Amino acid sequence: MSTHNVWTHKGTFLLAAVGSAVGLGNLWRFPYLAGENGGGAFILVYALTIFAVGIPILIAEILLGRNSRRSPIMGMRFLTRTHSASRRWEVIGWLGGISAFLILSFYSVIAGWAIHYTWKMLTGSLTGASAETISAGFDALLASPARLTLYHTLFIIASGLIVGLGVHQGIERGLRVIMPALFVILLVVLAYGVANGDFPAAADFLLTFNIADLSLEGWLEAMGQSFFTLSLGMGAIMAYGAYMSGEVSLTRTAIAIAVVDTAVAIVAGLAIFSLVFGAGLDAAQGPGLMFVTLPLAFAEMPAGGLIGGIFFILVLGAAISSSISLIEPVAAYLVERFDLTRPQAVFAMAMATWALGLLTVISFNLWSEESVFHGLFGRSAFDLFELLTNIFMPLGGMLIALFAGWALTPSEVVKEMGTNGGWFTTWRFLVRFIAPAAVAFVFLRAIPQVGGYLLPAIGAVVIVGAFAAHRTLLTEAGQTH
Ligand code: PFF
C-alpha cells in the first residue's frame, strides 16, 4: 500500500527538507568542528563535498522517494520489484531505519541540554557567572541521569506529538511556525553578535582559507559532517520526497536545500564566534562550545540572558524540525506495513528510541568510564552510536547513489529531472562514480585505525563494486543502457 499523502503546497517539501537539514548539526556540531579544524580550510572541504557529493545524492534520494511514493523500506522493496533488481537493495531502507533510531536516541539527549540552557538563560541564573561556575554547571548537568532523562523525555514527547498529528496537521503546520521563527531568531542573534562581539575576528577565522590548517582527520570529518548536516543517506529525505509533487524541480530544490543549510551553518558560526572572540574565549573548545563557551559569552554581555535564552530556543526549534524527520520514515513504514494507526506507529517508534536514549544518558555519568558497554565495545554508548551513524549514513548514501545511478533507467530519471542535457549526464557520472568513491574516504574517518595506504584500495573496491552492481542489475533487469 502506498501512502497517499502529498504536501499541501509545492514549496512544502523544501520547507520540510530544510527543517530536517538545519539542526544541531549546523548550530552545535559545525561551529565546534570548524573551530577544532582551522576554520576556513575546514569550510572549504565541507562546501566542496556538499556541492560535488551532497547535492547529487540529495537528488538521488528525493528521486527514489518520489518515484516509489512509499516509506523508505517499502519504497525500496517496490523499486527493486519494478526494476527487477536484487531485493538486497532493500538494505537501503533498513539501514535508514536503524540510523534513524540511533541518531534520534542521542540527538534527543543533546537537544535536551538546550532545554536546560533555555531555562537557565531566561531565568537569568547565569548572568555574570564566572567560567568556573558555568563549566561546573555543565558538568553537573551531565552527571545527573535524572535531569538528562527528564529533558530527553520532554524532547521526545514534543517531537512525537508533532509527527503523531499527521503529515498535514502536525509536520506541515509545525514547520510553518517553527522555520520562519528560526530564521528571524538567527538574524537577531547575528545582529547581537555583530553589535556586542568581535565580528571581524569571527569572519577572519571562518573565511580565511589556509589549507595547511587541515589534517587528514579534519578532511574526513568535514565530509562526514556534510552528510549529517544534509540528513543524507538515511531515508529522511526519501520519506519526505514520497510526499513531493511531481511538478517541483528536483535539481533546483536540492540546490536550495544545500545552499540554505550551508548558509545557516555559516551565519550561526559567524554569530557564535563573534560572541566567543568578543568575550576573549577559545574557539577550539570541542562539543562544549555551545554549552559552556557560549553561555559564558552571553553571561558577560548586555541582555545576555534574554538573547541567550532566545538563542537556545533556536537550537531547540532546529532540533525538533530535524527529529520529526527521523521519526517520520519509521512511523510511515509501521503504518504501511502493519496497518497501525499513525499515533500507534509514532508511539512505538518514540518509546523504542526513548529507551535506547537512556544508554546515551548514562554514558555521561554512570557508565562514563568502566561499564559493561566499555567492556564489550571499548567506548561509551554515545560514542558507539555516533560512530555507527558515521558509518551508516555514508554507506546508505553510497548505496542510494549506486541504485539511482545504475538501476533507474535513464528515461525515468530524465522524466523526473526534466532534462536530458549536460546536467543529467553530469549527475549520472557523479552518482555512479564520484559519490561512491568519495564516500569510501569518509569511512576512513569512522575507522581511525585504518592507515592512509588503504585509501586507494577502498577507492578501487568501490569502483569495482559499482561495476558489479551494474552487471547484476543489467542481468537481472535485462536492460540495456
Ligand atoms: N541534519 C540534521 C542536523 O544537521 O542536525 C541531523 C539529521 C536529521 C540527520 C535527520 C539525519 C536525519 F535524517
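For ligands, and for the atoms within them, numbers begin at 1 and follow the listed sequence. Note that the structure is a prediction, hence the values are computed from the model and not measured.
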Item checked: F433-W406 aromatic ring centre distance below 6.0 Å -> yes

Check: Looking at the rings of F312 and W119, which for Trp means the six-membered one, are their centres under 6.0 Å apart?
Finding: no

Report yes if [X] has an N/O atom closer than 3.5 Å to an N/O atom of ligand 1; otherwise report no.
{"X": "A236", "result": "no"}
{"X": "I103", "result": "no"}
{"X": "L326", "result": "no"}
{"X": "M393", "result": "no"}

Notebook entry, point to check: Is any side-chain heavy atom of F392 closer than 4.5 Å to a side-chain heavy atom of M234?
Noted result: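 They are not in side-chain contact.
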
Next item on the list: Counting heavy atoms only, name the option from W28, F30, Y107 that's nearest to atom 5 (O) of ligand 1.
Entry: Y107

Notebook entry, point to check: Quick one: which of G396, S231, S99 has a heavy atom closest to atom 8 (C) of ligand 1?
Noted result: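 Checking each option, the heavy atom nearest atom 8 (C) of ligand 1 is found in S231.
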
Checklist line | For atom 4 (O) of ligand 1, the protein heavy atom that lies nearest, with its residue and separation | finding: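 For this ligand atom, the closest protein heavy atom is A21 O, 3.0 Å.
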
Item checked: Identity and separation of the nearest protein heavy atom to atom 1 (N) of ligand 1 ->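 For atom 1 (N) of ligand 1, the nearest protein heavy atom comes out as F228 O, 2.8 Å.
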
Notebook entry, point to check: Y117 vs F291 aromatic rings, parallel, tilted or perpendicular, using cut-offs 30° and 60°?
Noted result: tilted

Is the backbone of [Y] close enough, under 3.5 Å, to the side chain of [X] for a donor and an acceptor to pair up by distance?
{"X": "E336", "Y": "R70", "answer": "no"}
{"X": "S321", "Y": "A318", "answer": "yes"}
{"X": "R173", "Y": "Q169", "answer": "yes"}

Item checked: R66, E328, R69 screened by side-chain hydrogen bond (donor to acceptor under 3.5 Å, both in side chains) with Y243, the one that passes ->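 For Y243, the side-chain hydrogen bond (donor to acceptor under 3.5 Å, both in side chains) test succeeds with only one of R66, E328, R69, which is E328.
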
Next item on the list: Would you please test Q344 and T341 for side chain to side chain donor-acceptor pair (under 3.5 Å) and show each step?
Entry: CA-CA 5 Å; Q344 285 168 338; T341 63; 3.3 Å; yes

Which ligand 1 atoms are under 4.0 Å away from a heavy-atom of [X]?
{"X": "S325", "value": "10 (C)"}
{"X": "L24", "value": "5 (O)"}
{"X": "S20", "value": "1 (N), 2 (C), 8 (C), 10 (C)"}
{"X": "G25", "value": "3 (C), 4 (O), 5 (O)"}
{"X": "M234", "value": "11 (C), 12 (C), 13 (F)"}

